Protein chains: 4
Amino acid sequence: MAQETKARIRKAAIEVIAEEGFFNTRMQDIADRAQLAVGTIYNYFSSKDEVLSYIFKYEIQRRMKSISELKEQKLSTRRFLKKFLDRHFLTLRENPNLGRVLVREKEFSRAKDNNEIKENMNSLIKMLEDIFVEGINKAEIKDINAHLMAVYFFGSMQGIIEFALTEPEIEMLVDGPDFIIKRIEHIFK
Amino acid sequence: MAQETKARIRKAAIEVIAEEGFFNTRMQDIADRAQLAVGTIYNYFSSKDEVLSYIFKYEIQRRMKSISELKEQKLSTRRFLKKFLDRHFLTLRENPNLGRVLVREKEFSRAKDNNEIKENMNSLIKMLEDIFVEGINKAEIKDINAHLMAVYFFGSMQGIIEFALTEPEIEMLVDGPDFIIKRIEHIFK
Amino acid sequence: MAQETKARIRKAAIEVIAEEGFFNTRMQDIADRAQLAVGTIYNYFSSKDEVLSYIFKYEIQRRMKSISELKEQKLSTRRFLKKFLDRHFLTLRENPNLGRVLVREKEFSRAKDNNEIKENMNSLIKMLEDIFVEGINKAEIKDINAHLMAVYFFGSMQGIIEFALTEPEIEMLVDGPDFIIKRIEHIFK
Amino acid sequence: MAQETKARIRKAAIEVIAEEGFFNTRMQDIADRAQLAVGTIYNYFSSKDEVLSYIFKYEIQRRMKSISELKEQKLSTRRFLKKFLDRHFLTLRENPNLGRVLVREKEFSRAKDNNEIKENMNSLIKMLEDIFVEGINKAEIKDINAHLMAVYFFGSMQGIIEFALTEPEIEMLVDGPDFIIKRIEHIFK
DNA sequence: AATGAATGAGGCTTCATTCAT
DNA sequence: TATGAATGAAGCCTCATTCAT
């Protein structure tokens, strides 16, 4: 039924966009991959842009939920960050195509009124900033610029992911979390 | 003369692409900004893709040259990295549009045979890796995974730049170099 | 039962087509207005064109029947024309949407094999021509070109209707019949 | 040069639209008739709708100019109307396709924000109304409802034209002006 | 008899590229 | 060398129609 088809389109789109890039992907390509007619996609999405937006919204919301659960576990800042990285990198290892789309296509159609994706990314960074602020307040980490730290953390994470997803380096995703945590070890008191 | 016109096109392209994104930029837009006719662009570039490639090639080569000069100064690894960051961040502060293009459009037309840009980016990372290897050999820094470190360093740098170039946070580029160096302080012996 | 549904579709179609025009009306719009599923329409009509054809056929036949009744009353030509105008203009005042469809959509799909509507319109003009011929024969009106007169009469009638149905001038339909009759007063002996 | 091409497109569009109707005409058809590429049309018009709008604007402006000239001749109301009809009917006899487009396609895309055509038609009716008002003031014609008279006059004119342009009746355009004038003879004092 | 998700042909429009001036 | 009108392939999207339930 309805939601099945929408999910099928989402998954097909992730695959094709990961392979070809968003701008090089034609609606027909997505339809072919999903084994549907083009018209069917338009029964679920109003435009090509909306397909990509939906992928981001869907995945970021899953991550936000996962983070909320993590927060409820009242972990130390270090363990929280570690678990967050573990989960995120594991998801990407299991679905590298999704990762490719998420890191590569975030800049699409900036010129249009599609700030939704940007906002979703920023909400993730904001969440990281909150974690650092909290860590500082709980005297678990040193008094650093939490905002800059969040951007730095997110950037290094994205950088590794982006590089790792370049096919032959996927194993970098295995070592990533530990490496990152070790790099910021010095901010913990 | 010839080179003047080519440079004018390059600069116009950087401006427009920074504002609209590569895929949303039409050759006509570049021509308008350069106050030239579209046809003229094709006297200097064989295609739209080549305009972007040229921007990357031109800028990366400038950076590589700047790095070569730096290498000849026989600086310590720490001072080398610091100077590299300073120069890079300063350039971007002086020409944020260029930065926007470099960080955002690197993924363009992956599906096509346009690996040139990718190779240029990778040569920068390779260069960083060399620096870390050299630092390890000279016993200036600890024995870490140089490749992963280069990717991490580059990623965090790009992350800050990307975020900083989102208009209202340009000042992040001022604090960036010191922040990054402090973050990796622990790898120095 | 069956005929109820078909009438519901006809009425819904008149409303939507009056508002949006035939070519801007989608089958889905008609279905929505009739509170039915699109598929249901196809149980009663074989195509979108047929829906419009049916509206014309249905209404013109009603008018022809009304005219036949009028003819049986053996009225003078003047009184016949007056009663015909009165009835017609009254119907349109009661259902302006129907009028809008009848005057505006008569030209649709000329290029296709859909002459049915055209024929229906022409049969109305032919009927008017008969009335004028008869009037001449009965020496009630002067010897004019009956065919041209019919076209003229029909055109002026349509013109007023078309203009009147432009929302704010509906009251023109009230004065219309008398005005038209007065205009052709001179043809009566 | 530029204006030549635009005129070529306008003329080709009139022909094809007269034959097929606006909605059944594809941009490709217009391009074929004009012996141009589709893309070329878009160098002169921003959309298909605009092509039709332009035809109306262009022709109505010509008529308005022709009317202004007529007004300067200080003719009696009767002679003015006669000359106006003569000119108009002659133009249509010389270019029946133009007439077909003007009478048939005036209702197109009402649902969109394309009131331009409507306004152009109304300006013609308004002009006629002015003529009648002036005639009343100059005591050349009786005291009738000038607005209704203008609508009536315009409608009957359109009706004859519409019917006449149905191929086999073109000669109706020859008798039209005199017939119409005779019909309204009684309004002159 | 009613439903509405799926279909896919077809139209409008865009825009990189060419080429005659 | 510069120009910009002309080109036409290609993509997005619409919507009448079908058909399994």
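Everything quoted here is computed from the prediction, not taken from an experiment. Throughout, protein chains are lettered first and strands after them, A, B, ... in sequence-line order, and every chain is numbered starting at 1.
Within the 3.5 Å criterion, the main-chain N or O of T25(C) finds no donor-acceptor partner in the side chain of D29(C). In this structure a side-chain-to-backbone donor-acceptor pair under 3.5 Å is missing from R104(C) to G21(C). Side-chain N or O atoms of R8(A) include one that pairs as donor or acceptor with a backbone N or O of Q35(A) at under 3.5 Å. Remark: side-chain polar atoms of K48(D) are paired, donor with acceptor, to backbone N or O of F22(D) under 3.5 angstrom.
The distance between atom NZ of K6(A) and atom P of dA5(E), rounded to the nearest whole Å, is 13 Å. Look at CD1 on I30(D): it is 17 Å from C1' on dT7(F), rounded to the nearest Å. Atom pair Q35(D):CD and dG8(F):C1' shows a separation of 16 Å (rounding to whole Å applied). E4(A) places its CD atom 14 Å from the C1' atom of dA6(E), with the value rounded to the nearest Å. Residue D32(C) contributes atom CG, which lies 11 Å from atom C1' of dG4(E) at whole-angstrom precision.
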**OP:** Test E59(A) against R63(A) for salt bridge (Lys or Arg N to Asp or Glu O under 4.0 Å), laying out the working first.
**Re:** CA-CA 6 Å; E59(A) 293 299 336; R63(A) 269 153 197 64; 3.4 Å; yes

Original post:
Do I17(A) and I55(A) pass the side-chain contact (heavy atoms from CB on, under 4.5 Å) test, and can you show the C-alpha distance, the side-chain angles, and the key distance before you say yes or no?
Top reply: CA-CA 11 Å; I17(A) 294 173; I55(A) 293 174; 4.3 Å; yes

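Secondary-structure stems of DNA chain E, taken as three or more successive Watson-Crick or G-U wobble pairs (i with j, i+1 with j-1) under a 3.5 Å distance threshold, comprise E:2-21 with F:2-21.
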Original post:
What is the per-nucleotide protein-contact pattern of nucleotides 11-18 of chain F, from the 5' end, where B denotes a base atom under 4.0 Å from a protein heavy atom, S denotes such proximity for sugar-phosphate atoms only, and - denotes neither?
Top reply: SSBBSSBB

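Between dA5(E) and T5(A), no contact under 4.0 Å exists linking OP1 or OP2 to a side-chain N or O.
Positionally, the nearest nucleotide of DNA chain E for I41(C) lies more toward the 5' end than for the other of L36(A) and I41(C).
For K6(C) and Y54(C), the positive end sits near the middle of the six-membered ring, less than 6.0 Å away and at most 45° from its axis.
With respect to the salt-bridge test (charged N to carboxylate O, under 4.0 angstrom), the residues E20(D) and R33(D) do not qualify.
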